[in-house]
Structure formats: C-alpha cells, structure tokens
Number of protein chains: 2
Amino acid sequence: MNPMSTQLIDYYAAEDKIHIATDCIIFGFDNESIKLLIFKRRVDPFKGQWSLIGSFVKATESVNDAAKRVLTEITGLENVFMKQLKVYGGVDRDPGARCITVGQYALIRIEEQDKTLVEKHGAVWHDLHEIPDLVLDHNTLVKDALVQLKLKASYQPIGFELLPKKFTIPNLQRLYEAIYQKKFDDRNFRKKIIALDVLTKLEEKDKSTSKKGAFLHKFNKEKYNKLVNRGINFRL
Amino acid sequence: MNPMSTQLIDYYAAEDKIHIATDCIIFGFDNESIKLLIFKRRVDPFKGQWSLIGSFVKATESVNDAAKRVLTEITGLENVFMKQLKVYGGVDRDPGARCITVGQYALIRIEEQDKTLVEKHGAVWHDLHEIPDLVLDHNTLVKDALVQLKLKASYQPIGFELLPKKFTIPNLQRLYEAIYQKKFDDRNFRKKIIALDVLTKLEEKDKSTSKKGAFLHKFNKEKYNKLVNRGINFRL
DNA sequence: ATAATAAACGTATTTTATACATTTATAAAA
DNA sequence: TTTTATAAATGTATAAAATACGTTTATTAT
C-alpha cells in the first residue's frame, strides 16, 4: 500500500471529474499563404465534422507530450516547433462532458510531412482564409493562435520554422507578408534581415522563380542565440 | 437518461484520471520593488510550506473563474488583471497524484487589498529577490511569470495595473525600473511616456517625495485602445 | 544581340532613440 | 525673509534606425 494518509487521498479526491485534452493548431506555409491542418473526424462525437487534431492526455504522458504524440501520429514529424497557446477551460465548451483543452500551436515545414500518413488520417491543409466551421470552440483556438503567431513572429524568428531549411530572402519576405497580411518594401526588408545577421548565405541559387536566381540561405541559430543573450530582440 | 449513446460515454471515459488545479502568481508593487504574494499552507499535503495560492478547479466553474475565486478569497479584490501563463502538465510534478496546474499571473494594486483577509489566510508579500523555497514546481511558475511580465510589459501597458489609479511619472518610472531591473534616464522616460499619449494629467500633486511635488496622472484606457486599434504598439 | 524580369544593391530623408544641461517649484533651514 | 536643497520638469544636440524610392545585375528566352 502506498504511504499516503487517508487525509491526503481525501485532498486529491476532493475536486470533481474533469477531462483534459490537448488540441494542435498546425500551421504550414507553401510560399503563398499560411495553411492550417485539420481533419474530418471519423468517430463520434462529431463524426464527419472538421476538427483540429487532438487527444485526451494520458496518465502516463505530459500535456506537451500528448500534443507531440498526436502531431507525430498524423504528420510523421518529430521535433516540431510547438508552443502552448492557452487553456480553454469553460464549463460548457463541450456539451458531451466537462472537458478542458490545452491549445498548442505547431509550425511545420509542409514539405517534410509524411504525405501518405496525413492523407490516411483524413487530414487536409486549408488556406487560412478558407477554414470551415470546426467542432466545439476550435475556430476560436485557430483565431487565437493566429494572433499569437503574429505577436511572437514580431520578436522571435519563429518564421524560420515554417520555411524549408534552405530558403531565399524573397521566400522569407513572402512568409512575413503572409503572416502580417501586408506588403513589405523588398529593399528595406532585405536590409533589415541582413542587418540582423542571423542568416548564412549559401553558394547555391534557387532559380525556380527567376532567370537570375536567388541565393539560398540558412537560418543560423547560434548567431541568433548570441543576439538574444546580448539582450537584443529581433523585430521586423 | 441523457441522450448520449454508450459509444459517447466510452469516448469520454477513455482517458485516465488527471486532477486539474490552478495556481496564482500574484504580483504587487510598493513603489520600490515587485512583490509576490504567497502563503504558508495550513493543511496537508505540504502543510507549513510556502506555496502559491491555488485550488482545484470545480466542475461548476471555468479554469479562469477558479483562479478569480481564490484571488478574491485571499485578497478581497475583484476584477483583477489576470492572464494565463501556461499549463504545467508533467507526469511527476506532484508526487501525491497526477495533477496538472494552470499557472495564472495576477497584477494587483497592493493598497487596494483587504489586509485583514490576507493576513487571516497567512499570506505574506515577499520581495522578488527573497522568495523562499516553494512547494512542488511553484518556484518555476514564479520565474516563468516574471519572464512573461517583462515581455508583456514591453508591448502592453500592463504596468498600470500595478500602480494606484493616480500616480506620478516618477512612480511609473520606478515601476518599470523594478520590472526591468535597470535605470532609465528620467528625461527620456518622461518624453517617451508622454509621447505615447495614454496619460491624463491631473491638477493634483503628490508631495510625498519632494518639496516641489509631482503631478498625478491617470491611465487613459480609451486613448490606449485607440492606439491599439490603429495598430500602434506600446514599446518602452 | 536584345528584351524581359526578379534579384540585389544604393542613397537621401524622416523619424525615433539616446545623451546630456538647465530651469522650476517648493519646504525647510538660516 | 532670504537662502538652500532637491525632486520635478523642460530643453537641445547628436546618433541610430526606419522609410521611401532609384539603379544595376544576372540570367533565360526571344
């Protein structure tokens, strides 16, 4: 028998049964617009309806691990950028039972996903401007995650999580234009990005969008960490 | 009987029992340094140890309402600024049982608290630099909340939540100096704050710290909201 | 060779941030 | 009642960053 006194058991038994889940707001970028990965539920409740990808949290895993688990199940990806958004803890948010959910947003490189796996689960990338009605309060989670993404992108270089490992400066600009929904001056954008000194320019060129071709770059995490440690903060 | 099918009941019963709590990281400011409100637990487990103020979430209340409830119980205050920090969902964070907690930080005007009530609960304000060892992972919650406070203070005027309704510009400066742990040039600080145009200058003066006296100001939320709506973001 | 075009580079102007000096209002001391 | 002391308030010159906009370059297709 475990050493806890009856008093302790009472303490932990005092509160009421609440189910705890986590839902992933999965963002991707296809060099045109921000995409969201959602799927059509194949089981009840809400069978056939569009939904974020989530799961109940198991007793044997942390909340964050639960989110990682479902993300890997669906996309085949590991070590994905993921951050807690917030807890949706309203009493009536799920008509079926008292369920709270931890919203977590993930940024993935679409081209690295396991396409077969994604399709197998009935998951589909939707343009952010064409998100259908989702189950429960999931549309709210998406809206909140987008606000968070915009905010976070303004002081941390999370944008790089959405681009291929190698990308051009125009690629990066298009990404930020998609995030902020506004055009940047290409000359000033380039100047600012280069001034940050967190990119490594490669010899290679990407000629898919122009005759001249654009040099590929890699994000230099070391340089970025040095920046942060010196107390300087990325701002676009 | 309720209309849910057995299948649905199974669905919601599928996951394992996890307890859900919320803990408040309560900050105050006494015109010198940032303070944290903690208390000595009077019941087991952890009886006699310092702890954040928290509670299990009841089936009849939202997660946010649970935090508001405990805050009001202890301080007598309502309508307090409070924001979710993050979920602490590790499997082993509580040795007694599988418990996850939602950390929420609150900013209160110390002088508005119900001092008797606070004392009755054994709660004590501690200088941020003199926080004792807390129960479970509560020291981590405090550390994380402080990072969040600094970050948030840099793009939203949450500082005003910690000051009395009427305050002087030197008061405000001392607050930001306490948050960022660095001195600002008083001439430039004043210039920036006034340029933001979110303060209303009153006729009244506070003469407690100088012969000349300093004009009292009020935070003008309307002007601030207009700023935000125009897409301009407060930055100190 | 020439045209077409995205990519890359450059420069002038405005705005904002920083560094530092001076004046002002007031209570208490001389 | 003048003088002194001091926080509060105002001012100004310089440096840095953001913005607006013009030009050159490398390459493929005509």
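Values below: all heavy atoms of this structure, side chains included; hydrogens, waters and symmetry mates excluded.
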Please check if any side-chain donor atom of B/Ser208 sits under 3.5 Å from a side-chain acceptor atom of B/Asp206, or the reverse.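 Their side chains do contain a donor-acceptor pair, which is all the 3.5 Å distance test asks for.
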The side chain of [X] is closest to which nucleotide in this list: [options]?
X	options	value
B/Pro170	C/dA7, C/dT18, D/dA8	D/dA8
A/Lys205	D/dA8, D/dA26, C/dG10	D/dA26
B/Asn188	C/dC20, D/dA9, D/dA20	C/dC20
A/Lys212	D/dT27, D/dA8, C/dA27	D/dT27
A/Arg187	C/dT18, D/dT27, C/dG10	C/dG10
B/Lys192	D/dT10, C/dA17, C/dA27	C/dA17

[X] [atom1] to [N] [atom2], straight-line distance once rounded to whole Å:
X	N	atom1	atom2	answer
A/Ile194	D/dA18	CD1	C1'	16 Å
A/Phe184	C/dA8	CZ	C1'	19 Å
B/Leu196	C/dT16	CG	P	11 Å
A/Leu202	C/dA8	CG	P	12 Å
B/Asp206	C/dA27	CG	P	13 Å
A/Asn31	C/dA6	CG	P	14 Å
B/Lys201	D/dA8	NZ	C1'	10 Å
B/Leu216	D/dA8	CG	P	11 Å

Less than 4.0 angstrom between a side-chain N/O of [X] and OP1 or OP2 of [N], yes or no?
X	N	result
A/Ser210	D/dT27	no
A/Arg174	C/dA6	no
B/Thr168	D/dA8	no
B/Lys211	D/dA5	no

With rounding to the nearest 0.5 angstrom, report the NE2 to OG distance, B/His129 to B/Ser33. 7.5 Å
Test of ring centre spacing under 6.0 Å for A/Phe219 and A/Phe167: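 Ring-ring flag for A/Phe219/A/Phe167: false, centres at least 6.0 Å apart.
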Close aromatic pair by centroid cut-off 6.0 Å: A/Trp50 and A/His138: no
First encountered from the 5' end of DNA chain D, between A/Asp185 and B/Lys191: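 So the residue in question is B/Lys191.
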Look through every strand shown and name the nucleotide pairing with C/dT11 as Watson-Crick or G-U wobble, where both distances are under 3.5 Å.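 By the stated definition (distances under 3.5 Å), D/dA20 pairs with C/dT11.
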Reckon A/Asp186 touches a base, only the sugar-phosphate, or nothing at all at heavy-atom distances under 4.0 Å? nothing
For residues B/Lys35 and B/Trp125, report the shortest heavy-atom separation together with the two atoms involved. CB-CE3, 3.5 Å
Under the criterion side chain to side chain contact (heavy atoms under 4.5 Å, CB included), which of A/Asp144, A/Leu149, A/Val102, A/Val142 is the partner of A/Leu85?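 The passing option is A/Asp144.
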